[in-house]
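Scroll down for the structure; my scribbles are underneath it.
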Number of protein chains: 2
Amino acid sequence: MKEIARQLGISITTVSRALQNHPRIGLRTREKVQELAERLNYIPNSTAISLKKRRTFNIGVVLPYLTEQFFSLAITGIEDATIDKGYSVLVVQSRNDFERERTAIRSLIRHGVDGIVVSVASGTHTYRHFDRANEHGIPIVYFDRVIKRLHSSCVYSDITSGAFEAVDFLVQKGLTNIALLNGPMTLQATDERLNGYARALQKHEIPVNRHYIVGLNLTREDTLKKTAALLDLPEPPQAILAFHDYIALDAMEVCRQRGLRINEDIFFVSFSNLSFCSYLEHPPIASIEQFPYEMGEKAASLLIEAIEHPDQQTRQEVVMQPQLVVR
Amino acid sequence: MKEIARQLGISITTVSRALQNHPRIGLRTREKVQELAERLNYIPNSTAISLKKRRTFNIGVVLPYLTEQFFSLAITGIEDATIDKGYSVLVVQSRNDFERERTAIRSLIRHGVDGIVVSVASGTHTYRHFDRANEHGIPIVYFDRVIKRLHSSCVYSDITSGAFEAVDFLVQKGLTNIALLNGPMTLQATDERLNGYARALQKHEIPVNRHYIVGLNLTREDTLKKTAALLDLPEPPQAILAFHDYIALDAMEVCRQRGLRINEDIFFVSFSNLSFCSYLEHPPIASIEQFPYEMGEKAASLLIEAIEHPDQQTRQEVVMQPQLVVR
DNA sequence: CTGTTAGCGCCTTCAC
DNA sequence: GTGAAGGCGCTAACAG
């Protein structure tokens, strides 16, 4: 800017205004300035602007794993919702580790993001780090793995209803012995899933067999072991509802090894609907699509809302309806 | 800082120095400052620091798709290599679109990143936008889909050798009719792959059958169609080398539909080694692992090198050896 | 060991 | 319509 001002023999102020299309600036001046700026391929220093405006136009995203397609789709939604509003996205992976998440948030605060979208790590047990962000005036929107806080919006899917529909679907196919490979009890979604499962069985007056309900700890070994245990039951399940496609895949492997034919001797339904399931010879017969892209998109626009209108504290809770996709 | 200075009755400078553990500051003063800062849960305004230091400690990453596991692994490598040096990562997806890539770079420049890591979009045909970054003093490191520029380092894998080994492996298994499902001719890697393929055949004195060499355009339909054409040849291939696991999967589907048994009637080897291949009942018998994580890591550290020592323009070209993983 | 001063690049009253 | 001056929060000579 200084350079432009010098070359044109005008003041920096004028340059600044010309560049912003300030109304009360001479048309000729404006044109000359903009043209010269172009020629010098001037790019405004956003650091300086940030300092002045107290906005960086960066938003932070903290989520467990980018390698999970669910989250990379979510990020894409976030990107699409923010990019043309001029925001850039800072991504940090928590790897489901509390400590990592904490430092991630801290680092984002230091980097001066205008807001944060987070999907809480499964290892997180206290929420002080999030409050810190809020205390610094940084709004947070939670998605997928949400926690419900006073002033923060969140968007998540209705797991209960997803599980309900899945089980309902299986029962209507004539399957009554349905097992549930559920997540760790620390996650809220685990409860909801159980809920939907139980409610669907109840609807059809099928008694809940507690041996069919299994809590997994996210390690592959655990999944393999507990699936094997299920199959060893005197009355093994005819169908399995898995809380994640990956879990279903691991479980299917166990079944195959025992000579069970997928989608004949035993049926699978799982959450998430990873695109690569379509490459499988025997994919789960149904998946519960949770629309990660849309979730990310929604979360991001709520965040931008919160950033740009900090006054009107309209906390929102958006519940997305999952959809049973039958193959 | 002002607040701390006021409360302690000292100058802002002293506070600043105390916070940075400046050596020539009174121990007592320092402690008092740091303690108060803690209590006020003061977080330095990095925007201001950036303005002063002319560094944002942000680095940009531009790549085609985060949803491809290859790239999300690369990002993870980048993250790990930068995070503890105090950098944050701004991610933008180009979706292989030139225009998107261009705006991405532009936006990163505006946001004042200290450097950029990029995997060039397949749709990119001119490199002016990259030069722009360089003109603004922003170093770039290319990885995977690299272009070779005067002052920019790059890291990529030795596709030729990967293809060579793959074909060599197949021949040693007694397979001689080997087709190559290659990428679009616009990508440099496509050439190299062809090269390795041809060289391996040559080594075993197998003539190159040009009907076996197929250029794909990255759409699924194209893959299906051209694979079918391969199988329709008077002498169909016994094995297929695919330039990507996803391509192999699509091609395998075609084979299956025709009643060919994977890994019996026809064999597959592909590049990339996606983790989910292990879930397949009949995965490619071998994959060419390209170590995306390590590539990202390396690219990022080269970038940091370039950022922190802008004087010593040591352009580096790192070639990673891929590895044939036999299942 | 500590304070004074100037300035990073830009925006924004306020004055002309 | 344009310019001068001050300041965003912090750092870094330069003085004591």
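The chains referred to below are lettered A, B, ... by the order of the sequence lines, with proteins before strands, and numbering in each begins at 1. Please read all numbers here as calculations on a predicted model, not as lab measurements. What you see below is based on every heavy atom in this structure, not just the backbone, and it leaves out hydrogens, waters and symmetry mates.
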- Message: Students often get this wrong, so: under 4.0 angstrom with heavy atoms, is T29(A) touching a base, only sugar-phosphate, or nothing?
- Response: sugar-phosphate

- Message: By the 4.0 Å heavy-atom rule, please label I10(A) as base, sugar-phosphate, or nothing.
- Response: sugar-phosphate

- Would you call E3(B) and R6(B) a salt bridge, using N to O less than 4.0 angstrom? yes

- Message: Around atom CZ of R106(B), are there more than 12 heavy atoms from other residues, nucleotides or ligands closer than 6.0 Å?
- Response: no

- Message: Check this for me: K85(A), atom NZ, are more than 12 non-hydrogen atoms of other residues, nucleotides or ligands nearer than 6.0 Å?
- Response: no

- Task: Give me the ring orientation class for F98(B) and H129(B): parallel if the planes are under 30° apart, tilted from 30 to 60°, perpendicular past 60°.
- Result: perpendicular

To the nearest Å, how far apart are [X] [atom1] and [N] [atom2]?
{"X": "L51(A)", "N": "dC10(D)", "atom1": "CG", "atom2": "C1'", "result": "8 Å"}
{"X": "K2(B)", "N": "dT11(D)", "atom1": "NZ", "atom2": "P", "result": "15 Å"}
{"X": "H22(A)", "N": "dG3(D)", "atom1": "NE2", "atom2": "P", "result": "13 Å"}
{"X": "M1(A)", "N": "dG7(C)", "atom1": "CE", "atom2": "P", "result": "17 Å"}
{"X": "Q20(B)", "N": "dT11(D)", "atom1": "CD", "atom2": "P", "result": "5 Å"}
{"X": "L19(A)", "N": "dT12(C)", "atom1": "CG", "atom2": "P", "result": "13 Å"}
{"X": "I12(B)", "N": "dT4(C)", "atom1": "CD1", "atom2": "P", "result": "10 Å"}
{"X": "L27(B)", "N": "dC1(C)", "atom1": "CG", "atom2": "P", "result": "9 Å"}

Counting side-chain heavy atoms from CB outward, which of [options] is closest to [X]?
{"X": "R17(A)", "options": "dT11(D), dT2(C), dT2(D)", "answer": "dT2(D)"}
{"X": "S16(A)", "options": "dC11(C), dT11(D), dT4(C)", "answer": "dC11(C)"}
{"X": "I49(B)", "options": "dT11(D), dC11(C), dC14(D)", "answer": "dT11(D)"}
{"X": "K52(B)", "options": "dT11(D), dT2(D), dG3(C)", "answer": "dT11(D)"}

- Task: Look at S11(A) and dA4(D) and indicate whether a side-chain polar atom (N or O) is within less than 4.0 Å of OP1 or OP2.
- Result: no

- Query: Can you tell me if the side-chain N/O atoms of T13(A) get under 4.0 Å from OP1 or OP2 in dT2(D)?
  - Reply: no

- Message: Taking the nucleotide of DNA chain D with the nearest heavy atom to each, does S46(B) or R24(B) sit closer to the 5' end?
- Response: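 By nearest-heavy-atom nucleotide position, the 5'-most residue is S46(B).
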
- Message: Can you work out whether R30(B) or K53(A) has the more 5'-proximal nearest nucleotide on DNA chain C?
- Response: R30(B)

- Message: I'd like to know whether the aromatic ring centres of F130(A) and Y142(A) sit less than 6.0 Å apart in this structure.
- Response: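 Distance test on ring centres: under 6.0 Å, yes.
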
